[in-house]
Amino acid sequence: FFFKQKTAYEIASGDWSSDVCSSDLDEKTRILSESQEPVQLMKGARQILALARLYNIPVCVVTNTSYAVARSFKKRCSDLQAIRNWVYRDDYKKPKPDPECFEYAKRTYGEDKEYSIFFENSANGVRSALGVSKRVFCITNKEDYGYKYIKSQDCICIPDFNAFLTAHC
């Protein structure tokens, strides 16, 4: 949710236009785990994380990514290392768009479940988050796959975290 994950196809071919994950999960995991490429956070994510630390606001990353791949991302990004609470794909049975992953996160890390805010960057993630909250922000643009679906949902679409900061801080 703070960074765009690349598919194995995108890494191997250098093609960033694909929004479809490789069907070869083992190959994707191997490529992503071995990558030395720096992890780029979304615009404004660093500032959001800094404000959360400053005001002692709990942060949890809920990802469809395995622990092994996420560990590789974290090794390459100190901002991700600073996030204590993570829910990996290994922690739940049903993948997004099922809300199980967010239910698990709220049950495990949610100090004030009533005021949780969710940021997502995919149609499946939005569908999943809306299963547990009505305060869902989707980081998207009109070119994103699934934009029409996302726009039709009860969520707020923003282009990046900077837009959230401008509107709410």
Side-chain angles (χ1 to χ4, degrees), residues 1-16 18-53 56-113 116-133 135-140 144-146 150 160-161:
F1 100 85
F2 286 110
F3 53 97
K4 165 99 171 90
Q5 297 178 31
K6 295 184 197 176
T7 64
Y9 169 77
E10 291 167 335
I11 289 173
S13 68
D15 179 356
W16 281 75
S18 170
D19 197 31
V20 179
C21 290
S22 169
S23 60
D24 185 354
L25 188 57
D26 292 336
E27 180 68 2
K28 176 185 174 187
T29 300
R30 185 190 65 73
I31 290 170
L32 291 173
S33 296
E34 293 174 1
S35 175
Q36 299 301 311
E37 185 177 326
V39 173
Q40 298 296 317
L41 297 181
M42 292 178 179
K43 290 180 185 175
R46 185 168 282 119
Q47 293 84 343
I48 291 273
L49 292 170
L51 285 170
R53 281 191 300 274
N56 201 28
I57 299 169
V59 172
C60 180
V61 174
V62 178
T63 181
N64 262 343
T65 303
S66 70
Y67 172 77
V69 173
R71 184 181 63 218
S72 172
F73 285 131
K74 288 163 60 172
K75 283 180 184 177
R76 295 178 279 135
C77 181
S78 61
D79 291 302
L80 296 178
Q81 292 170 21
I83 300 171
R84 291 183 329 190
N85 304 326
W86 287 73
V87 174
Y88 307 100
R89 181 62 188 91
D90 319 43
D91 294 326
Y92 53 95
K93 293 179 182 174
K94 299 176 189 171
K96 295 176 184 178
D98 191 272
E100 180 188 2
C101 56
F102 288 110
E103 291 166 349
Y104 177 86
K106 286 179 83 171
R107 194 173 53 251
T108 306
Y109 301 115
E111 292 179 20
D112 193 344
K113 297 174 177 98
S116 298
I117 297 173
F118 296 85
F119 293 98
E120 261 300 340
N121 65 347
S122 71
N124 280 342
V126 166
R127 196 173 301 137
S128 181
L130 285 171
V132 297
S133 177
R135 286 175 301 282
V136 177
F137 290 84
C138 185
I139 304 194
T140 187
D144 280 352
Y145 173 80
I150 292 166
D160 54 42
F161 286 104

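The chain is numbered in sequence order, starting from 1. Note that the structure is a prediction, hence the values are computed from the model and not measured. Hydrogens, waters and symmetry mates are skipped; everything else that's a heavy atom, side chains included, is used.
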Within the 4.5 Å heavy-atom criterion, are R46 and D79 side-chain neighbours or not? yes
From R71 atom CZ to R76 atom CZ, the distance as rounded to the nearest 0.5 Å: 11.5 Å
Would you indicate whether the side-chain heavy atoms of V87 and Y109 approach each other to under 4.5 Å? yes
How long is the span from the CZ atom in F161 to the CD1 atom in I139, to the nearest 0.5 Å? 3.5 Å
Is there a side-chain contact between I83 and L49 in this structure, where contact means two heavy atoms from C-beta onward sitting under 4.5 Å apart? yes
Is there a side-chain contact between F73 and V61 in this structure, where contact means two heavy atoms from C-beta onward sitting under 4.5 Å apart? no
Contact summary for T65 and A70, nearest pair of heavy atoms: CG2-N, 3.7 Å
side-chain contact (heavy atoms from CB on, under 4.5 Å) with P97: which of N124, V126, L130? N124
Steps toward side chain to side chain contact (heavy atoms under 4.5 Å, CB included) verdict (W86, K74): CA-CA 11 Å; W86 287 73; K74 288 163 60 172; 3.6 Å; yes
Test item: F137 and F118 side chains (from C-beta on) under 4.5 Å apart, heavy atoms: no
Taking every heavy atom of G125 against every heavy atom of S122, the minimum-distance pair comes out as N-OG, 2.9 Å
List the atom of D90, the atom of S66, and the distance in Å for their closest heavy-atom pair. OD1-CA, 3.2 Å
Treating E100 as the side-chain partner and Y92 as the backbone partner, does any N or O pair qualify as donor plus acceptor under 3.5 Å? no
Applying side chain to side chain contact (heavy atoms under 4.5 Å, CB included), name anything that partners A50, two or more places apart in sequence or on another chain. R53
Separation between CD1 of I117 and OG of S133, rounded to the nearest 0.5 Å: 8.5 Å
Once side chain to side chain donor-acceptor pair (under 3.5 Å) is applied, do any residues pair with N85, and if so which ones, sequence neighbours excluded? none
Note, C77 side chain near L41 side chain (heavy atom, < 4.5 Å): yes
Taking the side chain from R89 and the backbone from T63, do they hold a donor-acceptor pair closer than 3.5 Å? no
Is a salt bridge present between E120 and K96, judged by a nitrogen-to-oxygen distance below 4.0 Å? yes
For the atom pair CD1 (I150) and SG (C138), what is the distance rounded to the nearest 0.5 Å? 3.5 Å
With sequence neighbours left out, the residues meeting ring-ring contact (aromatic ring centres under 6.0 Å, His included) with Y104 are none
Is there a side-chain contact between L80 and V39 (heavy atoms, below 4.5 Å)? yes
Does any non-hydrogen side-chain atom of D98 lie less than 4.5 Å from one of S128? no
Would you say the side-chain atoms of K106 pair up with the backbone N or O of V132, donor to acceptor, closer than 3.5 Å? yes
